[in-house]
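Computed over heavy atoms, backbone and side chain alike; hydrogens, waters and symmetry mates excluded.
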Amino acid sequence: MIQAIVFLPLIGAIIAGAISIVGAHARNPGGDEVEHHDDAHGVDAHAAAAHDDHGHDDHHVVEPPAAGSRAAEVITTGFLLVGAALSWFMLYDVGFAHHDVRVALFPWITSGNLQVSWTLRVDALTAVMLVVVNTVSSLVHLYSIGYMDEDPYRPRFFGYLSLFTFAMLMLVTADNLVQLFFGWEGVGLASYLLIGFWYHKPSANAAAIKAFIVNRVGDFGFALGIFAVFMLIGSTDFETIFGAAPGLAGKTIDLFGWHPDALTLTCLLLFMGAMGKSAQFLLHTWLPDAMEGPTPVSALIHAATMVTAGVFMVARLSPLFELAPDAQAFVMFIGGTTAFFAATIGLVQNDIKRIVAYSTCSQLGYMFVAMGAGAYSVGMFHLFTHAFFKALLFLGSGSVIYAMHHEQDIRNMGGLWRKIPYTFAVMSIGTLALTGFPLFAGYFSKDAIIESAYASHNTFATYAYILTVVAAGLTSFYSWRLIFKTFFGEPHDQEHYEAAHESPLTMLIPIGVLAVGSILAGFPFKEIFTSPHGVEEFFRASVKMNPHILEGMEQMPHLLGLLPTLMMIVGFAIAWLFYIRRPYLPVELANQQPLLYKFLLNKWYFDELYDVIFVRPAKWIGRFLWKVGDGMIIDGLGPDGVSARVLDVTRNAVKLQTGYLYHYAFAMLIGVAGFITWFMFGVGG
């Protein structure tokens, strides 16, 4: 069964890819796909109109869809729906019936001490991820049938989606670090392809490259962490690593004369990979720009797959992190900082998808706070619930964009609840879940994380607790700001408002299912993720928990436990005051605090800062090496210099070849005279 779950998306990707190639040749037998020349200005298109930015469609040539587009959609979506159903069965079988699965497929790498086999490992931790990945991915596939209905390259899009899903499944079923790294890099490749899917848009290309490069920074650290593990233990197999880890306590690594604690350094390097993949503070800059991809891509990347890979990896390697408290402290510090930092930026953003993207960044910070506290199951609980309501908010945003003819700026919306009441209802459910409204999914998981920060003895426990509580209020404010600006008030774009209508059924069904998940993913699963007995019974050996953290959470003072809910109410009340009761207040506040407003609107100026620190020096070095190093020195003294000297010599030598006999006779006479002179004086001497 696990083979079917993992490889059905790969088979679907191969079939869709073949259909795409055949369609491309049929459309343009003499070469590549024909580039669009249009004035399509939809910021995020569900159509062939989307290879440019901002405005309305004035004129463009809509290419016919590739032959077999419908077949590619049906096959890939069907395979994912089957995989999702099997994943839920696997969750029951592994988590509750205690039937862990390990399937050895084939030997992969044999090189000296490095012995790597391709093995599928399914324990309770993996089973949770299988459900999350396949459920959200199958719904995203179904949603994409409606959302991408006018795009001529749908087979390629569905092929990329399925390839993305396969890479993530390889990551979560890995039985060793090398196999996990394969899936890790696979989702990076697929995200590059999907973010830059509309490759005729320069902004989409730039966003794809940015995501790829920023993740390479994190992945460099991750690779060094894997090397360190192999150097210390001599294996990349998880069972071997976990068995040998306690023996590494107190050992150091010689690093250029510095002797840091071996486990702490290794865990920090591994976490560096998680910081990149899960868009944590300092390596977060790629995530908002990833909105240039189609909206279904945003839902897939930010809800179920790529960004949760870092959280899963830390949970999988919990036996290492539990032995490295300093590394855990750093994880909690970064998590708490990200939760607060991203929430502040979300307060003032105007692009509907970027608001949800910064929300994702903030919620991932919450998950890492739980990981730093040693409450790995609690972090996984939020990962589980977050997948449903965040996918719902992204796909709901896509439905709004679809209704508004590609408009993404919430300042140009308003009053849409009358036009798209179904989308309004499900997005409200997603917002209630995200903000932690009682009985919705996020209420149980997010509050549990805040409790874990309070109960933890981590160095940064108080820091993380305060920031996550404050972030809860900020999350409530920007989430309800989005709802109020989009669905209430007077329409700001009358033309688009009049034409607004609900999305097709293939888009409405997935967001309806996710809305149900945003309610039911919380309370029914609370016991197995947050209670000491439930966690021990369900997760067993798949995570190594801090033994006292769950008991400490239960002993938290009642009033402090109510604080996140109180912050949620305060955030809602301020948003209602600002955007419903007195809508002139936000403008006045922005005018009174222009520096703070611009600071948040420009995302703490991280892009500008990195441009000065990294991008410009890198460009200068590259230009210097090109012009001076390559042009003047290597080419000037090397091939070009040698060839120029040879030409000079040959040109001068040619001048000696005049063709006149008396010149040659004179030269011979001079030579004979010189020879006789040398002979007379040389020999005589």
Side-chain angles (χ1 to χ4, degrees), residues 2 5 87-102 119-135 169 171-176 180 238-239 241-243 245-246 267 274 304 308-323 328 331 366-388 441 444-449 451-453 455-456 521-554:
I2 184 59
I5 293 172
S87 297
W88 280 98
F89 181 79
M90 182 71 78
L91 178 69
Y92 173 79
D93 194 46
V94 173
F96 298 99
H98 300 175
H99 295 151
D100 288 8
V101 178
R102 287 186 75 189
T119 304
L120 302 180
R121 172 197 185 104
V122 185
D123 52 20
L125 185 65
T126 301
V128 171
M129 291 301 296
L130 290 177
V131 165
V132 168
V133 172
N134 278 325
T135 302
L169 293 174
L171 191 159
V172 301
T173 57
D175 192 45
N176 56 72
L180 188 146
F238 287 143
E239 292 303 322
I241 293 169
F242 299 157
C267 288
T308 60
V311 180
F312 166 79
M313 183 267 286
V314 174
R316 170 60 76 209
L317 297 176
S318 56
L320 292 182
F321 280 87
E322 278 298 299
L323 294 168
Q328 278 189 315
V331 171
Y366 273 93
M367 297 176 205
F368 281 113
V369 167
M371 298 291 160
Y376 302 97
S377 66
V378 175
M380 291 301 298
F381 188 23
H382 197 52
L383 186 156
F384 181 72
T385 60
H386 177 264
F388 290 98
F444 298 101
S445 58
K446 189 159 76 171
D447 284 20
I449 288 175
E451 290 169 9
S452 73
S456 170
F523 183 74
F525 296 92
K526 180 177 183 290
E527 188 73 15
I528 62 173
F529 282 104
T530 62
S531 77
H533 176 72
V535 169
E536 186 178 345
E537 184 71 17
F538 180 80
F539 282 97
R540 301 183 302 285
S542 61
V543 293
K544 183 176 176 59
M545 294 280 289
N546 178 333
H548 308 297
I549 189 73
L550 296 177
E551 289 90 342
M553 289 165 56
E554 292 179 345

**Q** Return yes if some donor-acceptor pair links the side-chain N/O of Ser377 with the main-chain N/O of Thr530 below 3.5 Å, else return no.
**A** no
**Q** How long is the span from the CG atom in Leu317 to the CZ atom in Phe312, to the nearest 0.5 Å?
**A** 8.5 Å
**Q** Take a 6.0 Å sphere around CZ of Phe96 and say whether it holds more than 12 heavy atoms from other residues, nucleotides or ligands.
**A** yes
**Q** Would you say Met129 and Leu383 make side-chain contact, with heavy atoms under 4.5 Å?
**A** yes
**Q** I'd like to know whether NE2 of His548 has more than 12 heavy-atom contacts from other residues, nucleotides or ligands below 6.0 angstrom.
**A** no
**Q** How many angstroms lie between CG in Leu91 and CZ in Phe538, if you round to the nearest 0.5 Å?
**A** 4.5 Å
**Q** Looking only at atom types and distance, does a side-chain atom of Ser318 sit under 3.5 Å from a main-chain N or O of Lys544, one as donor and one as acceptor?
**A** yes
**Q** If you take all heavy atoms of Phe388 and Ala521, which pair is closest and at what distance?
**A** CD1-CB, 3.7 Å
**Q** Which is it for Arg121 and Asp123 under the salt bridge (Lys or Arg N to Asp or Glu O under 4.0 Å) test, yes or no, and what are the steps along the way?
**A** CA-CA 7 Å; Arg121 172 197 185 104; Asp123 52 20; 3.5 Å; yes
**Q** Nearest 0.5 Å please: distance from the CE atom of Met313 over to the CZ atom of Phe321.
**A** 6.0 Å
**Q** Do you know which two heavy atoms are closest between Ala455 and Met553, and how far apart they sit?
**A** CB-N, 3.6 Å
**Q** Consider side chain to side chain contact (heavy atoms under 4.5 Å, CB included). Of Leu169, Thr126, Val101, Thr173, which one does Leu120 pass it with?
**A** Thr173
**Q** Any side-chain heavy atom of Val172 within less than 4.5 Å of one from Leu130?
**A** yes
**Q** Show the nearest heavy-atom pair for residues Val94 and Ala124, with the distance to one decimal.
**A** CG1-N, 3.6 Å
**Q** Give me the atom names and distance for the closest heavy-atom approach of Leu180 to Ala174.
**A** N-CB, 3.4 Å
**Q** Considering all heavy atoms of both residues, which atom of Phe384 and which atom of Val132 are nearest to each other, and what is their separation?
**A** CD1-CG2, 3.6 Å
**Q** Measuring from atom CG of Leu550 to atom CZ of Phe529, what distance do you get when rounded to the nearest 0.5 angstrom?
**A** 12.5 Å
**Q** Got Asn134 and Ile5 here, is their nearest side-chain heavy-atom distance under 4.5 Å?
**A** yes
**Q** Please answer whether the main-chain N or O of Val314 pairs with a side-chain N or O of Arg316 as donor and acceptor at a distance below 3.5 Å.
**A** no
**Q** Answer whether the closest heavy-atom distance between the side chains of Gln328 and Glu322 falls below 4.5 Å.
**A** yes
**Q** With no hydrogens and no angle check, is any side-chain donor or acceptor of Thr385 less than 3.5 Å from a backbone partner on His382?
**A** yes
**Q** Can you name the nearest heavy-atom pair linking Leu320 to Ala245, along with the distance?
**A** CD2-CB, 3.6 Å
**Q** Treating Ser456 as the side-chain partner and Ala453 as the backbone partner, does any N or O pair qualify as donor plus acceptor under 3.5 Å?
**A** no
**Q** Can you tell me how far apart CE (Met380) and NE2 (His386) are? Round to the nearest 0.5 Å.
**A** 13.0 Å
**Q** If I take atom CG from residue Leu125 and atom OH from residue Tyr376, how far apart are they, to the nearest 0.5 angstrom?
**A** 11.5 Å
**Q** Would you call the rings of Phe525 and Trp88 parallel, tilted or perpendicular, taking 30° and 60° as the class edges?
**A** tilted
**Q** Are Ser531 and Glu527 linked by a side-chain donor-acceptor pair shorter than 3.5 Å?
**A** yes
